[in-house]
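Remarks on the structure that follows.
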2 protein chains.
Amino acid sequence: MSGQQEKPPEQSADGQVPKAVVSRLSLYLRELQRLLRDGHETISSTQLGKMLGFTDAQVRKDLAYFGQFGYPGIGYRCPELVAKIKEILGTNHAWPLAIVGLGNLGRALLGYRGFTHQGFRVAAAFDVDAAKVGRQFEGIPVYHLDQVGEIIPQLQIRLAIIAVPAPAAQKVADAVVSAGVDGILNFAPVTITVPKHVQLEAVDLAIELEQLSFAVVNKLSRGE
Amino acid sequence: MSGQQEKPPEQSADGQVPKAVVSRLSLYLRELQRLLRDGHETISSTQLGKMLGFTDAQVRKDLAYFGQFGYPGIGYRCPELVAKIKEILGTNHAWPLAIVGLGNLGRALLGYRGFTHQGFRVAAAFDVDAAKVGRQFEGIPVYHLDQVGEIIPQLQIRLAIIAVPAPAAQKVADAVVSAGVDGILNFAPVTITVPKHVQLEAVDLAIELEQLSFAVVNKLSRGE
DNA sequence: TAGATTGTTAATCGATTAACAATC
DNA sequence: TAGATTGTTAATCGATTAACAATC
């Protein structure tokens with residue numbers, strides 16, 4: 001694209017990439033993978049944006065944070081862009097995951113096929129229930145929570161999913177952080193705190209419904 | 001607070017409330033409910049903000065979209081603010097929900113205690129599997145998907161949770177919309193489209209992990 | 001070449017923060 | 001009264017969109 005390569009095109013963007021951009025990147029990836037399955041070779045920013053409700057300018061700007069992936073007059077090549085986005089997100093190699101808490105939600109996550117398809121692999125599960133420890137669920141071994149310090153480094157697990165009841169969540173977070181994880185996805189409906197070097201993402205299912213409730217009672221009209 | 005009431009203080013905010021504000025409102029509610037359980041009477045915007053990593057100004061501004069709930073020199077009264085936020089979110093009365101799709105995730109959601117505690121109640125479940133239809137899970141009756149048109153109006157269900165495989169999600173959405181639901185929470189990892197008068201919220205579990213993966217590989221330092 | 005589409009700059013829009021008079 | 005804290009305005013910051021030269 002630009003004649004000679006001068007400065008390496010923003011190798012891995014360092015902290016100035018808005019979170020919303022990364023979030024849309026995941027959506028682009030999902031659509032692109034579907035397009036790829038459907039046999040599409042290329043796609044324009046206008047088409048991709050329309051599928052997701054974004055402007056063409058936004059699609060191009062988002063991608064431009066990470067380099068020049070498009071071809072003027074053509075668009076983006078689907079296979080190439082899929083590979084690029086996976087590389088940016090860090091999901092080009094499968095991450096081993098730990099799941100802590102094997103209640104209804106934890107077991108559902110443990111068997112969730114979507115993870116496997118997107119570059120994640122549940123490597124270990126933890127609980128405190130003696131009836132579960134030592135067994136396997138969906139082929140995944142269940143360890144006692146006390147074993148996180150041993151198992152997590154051993155399996156080189158860097159990401160943990162917390163699916164325990166709210167009152168236990170902070171203690172579990174402390175334990176997995178001590179064990180060396182770098183990122184936590186928290187499903188417990190409580191605010192937890194972790195050291196700054198640890199990444200934290202939270203999903204609260206009741207909150208998602210509250211957003212919906214608000215939108216419905218206020219009859220918000222979406223789009224324009 | 002302000003001497004004589006002049007214009008009714010922004011009754012129910014109409015469309016100009018940013019989505020991010022509503023999202024934080026849910027977080028405030030969750031913290032306030034915890035504070036209430038712990039016996040706190042009042043809380044200042046500074047304290048509440050600190051708990052969630054927001055500025056005091058943001059807390060006050062967010063709440064001010066909906067009225068004047070605070071007391072200068074005192075702060076906010078926890079029980080009062082909890083009631084107000086529930087009213088704003090529309091969760092002061094329990095919404096009956098439908099869950100479509102009783103795979104691992106659907107069944108986990110069906111038994112999720114968090115919903116009950118936040119003003120939601122699963123009233124019906126739907127699936128296409130003859131082995132599930134007619135039974136009950138967690139005390140909730142399971143109907144065939146073909147019965148949505150009949151059951152949803154009958155139980156006055158306005159919100160539906162979609163937890164079916166991606167290829168089925170759009171058809172299910174169409175069906176529940178025809179049945180009259182006003183809002184959909186979609187867990188299928190695919191973009192679905194609905195008429196503008198229907199509210200749509202999406203949770204993609206793999207995308208949440210991708211956000212985490214990006215943050216970890218780019219060693220983002222959170223906060224300042 | 002003509003048509004399509006990118007990457008990027010500048011303009012616009014919106015959201016967050018700082019500051020402070022009003023209030024308890 | 002002095003101290004604390006709100007609600008709100010103005011200033012700042014950041015993100016989205018429009019526009020267009022460059023490119024295939």
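We name chains A, B, ... by the order of the sequence lines, and we start the count at 1 in each one.
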Give me each pair satisfying salt bridge (charged side-chain N to carboxylate O under 4.0 Å, His left out) with a member in residues 197-207 of chain B, each pair once, sequence neighbours excluded. Arg30(A)-Asp204(B), Lys19(B)-Glu201(B)
For residues 167-178 of chain B, which residue pairs qualify under side-chain hydrogen bond (donor to acceptor under 3.5 Å, both in side chains), counting only residues two or more places apart or in two chains? Gln170(B)-Asp174(B)
For Phe187(A), all residues meeting ring pair (Phe, Tyr, Trp, His ring centres under 6.0 Å), sequence neighbours excluded: none
Mind checking what makes ring pair (Phe, Tyr, Trp, His ring centres under 6.0 Å) contact with Tyr112(A), not counting sequence neighbours? Phe115(A)
Write out all pairs satisfying salt bridge (charged side-chain N to carboxylate O under 4.0 Å, His left out) with one or both partners inside residues 35-48 of chain A, taking only residues at least two apart or from two chains. Arg34(A)-Asp38(A)
Indicate every side-chain donor-acceptor pair of residues 87-104 of chain B with a distance under 3.5 Å to a residue at least two apart or in another chain.
from: Trp95(B); atom 1: NE1; to: Ser213(A); atom 2: OG; distance (Å): 3.0
from: Trp95(B); atom 1: NE1; to: Gly90(B); atom 2: O; distance (Å): 2.8
from: Asn104(B); atom 1: OD1; to: Arg107(B); atom 2: NH2; distance (Å): 3.4

In whole Å, what is the span from the CD1 atom of Ile74(A) to the C1' atom of dT23(D)? 10 Å
With a 3.5 Å cut-off and no angle check, do the side chains of Gln118(B) and Gln33(B) form a donor-acceptor pair? yes
Between OH of Tyr76(A) and P of dA4(C) the distance, given in whole Å, is 18 Å
Separation of dG7(D) atom P from Phe66(B) atom CZ, nearest Å, is 13 Å
Pairing residues for Thr42(A) by the side-chain contact (heavy atoms from CB on, under 4.5 Å) criterion, not counting sequence neighbours: Ile74(A), Arg77(A)
Which letters describe nucleotides 8-19 of chain D, given B = protein heavy atom under 4.0 Å from base, S = only from sugar-phosphate, - = neither? BB-----SBBBB
Hey, what bend do you get for the helix from dG3(C)-dC24(D) to dC24(C)-dG3(D) if you fit axes on five pairs at each end, rounded to 10°? 10°
Sort and list the pairs that fulfil salt bridge (charged side-chain N to carboxylate O under 4.0 Å, His left out) and have at least one residue in residues 175-192 of chain B, not counting sequence neighbours. Arg158(B)-Asp182(B)
Rounded to whole Å, please give me the gap between CZ in Phe69(B) and C1' in dT6(D). 13 Å
Give me each pair satisfying salt bridge (charged side-chain N to carboxylate O under 4.0 Å, His left out) with a member in residues 42-58 of chain B, each pair once, sequence neighbours excluded. Asp56(B)-Arg60(B)
Residues from residues 31-49 of chain A lying under 4.0 Å of DNA chain C - heavy atoms: Ser44(A), Ser45(A)
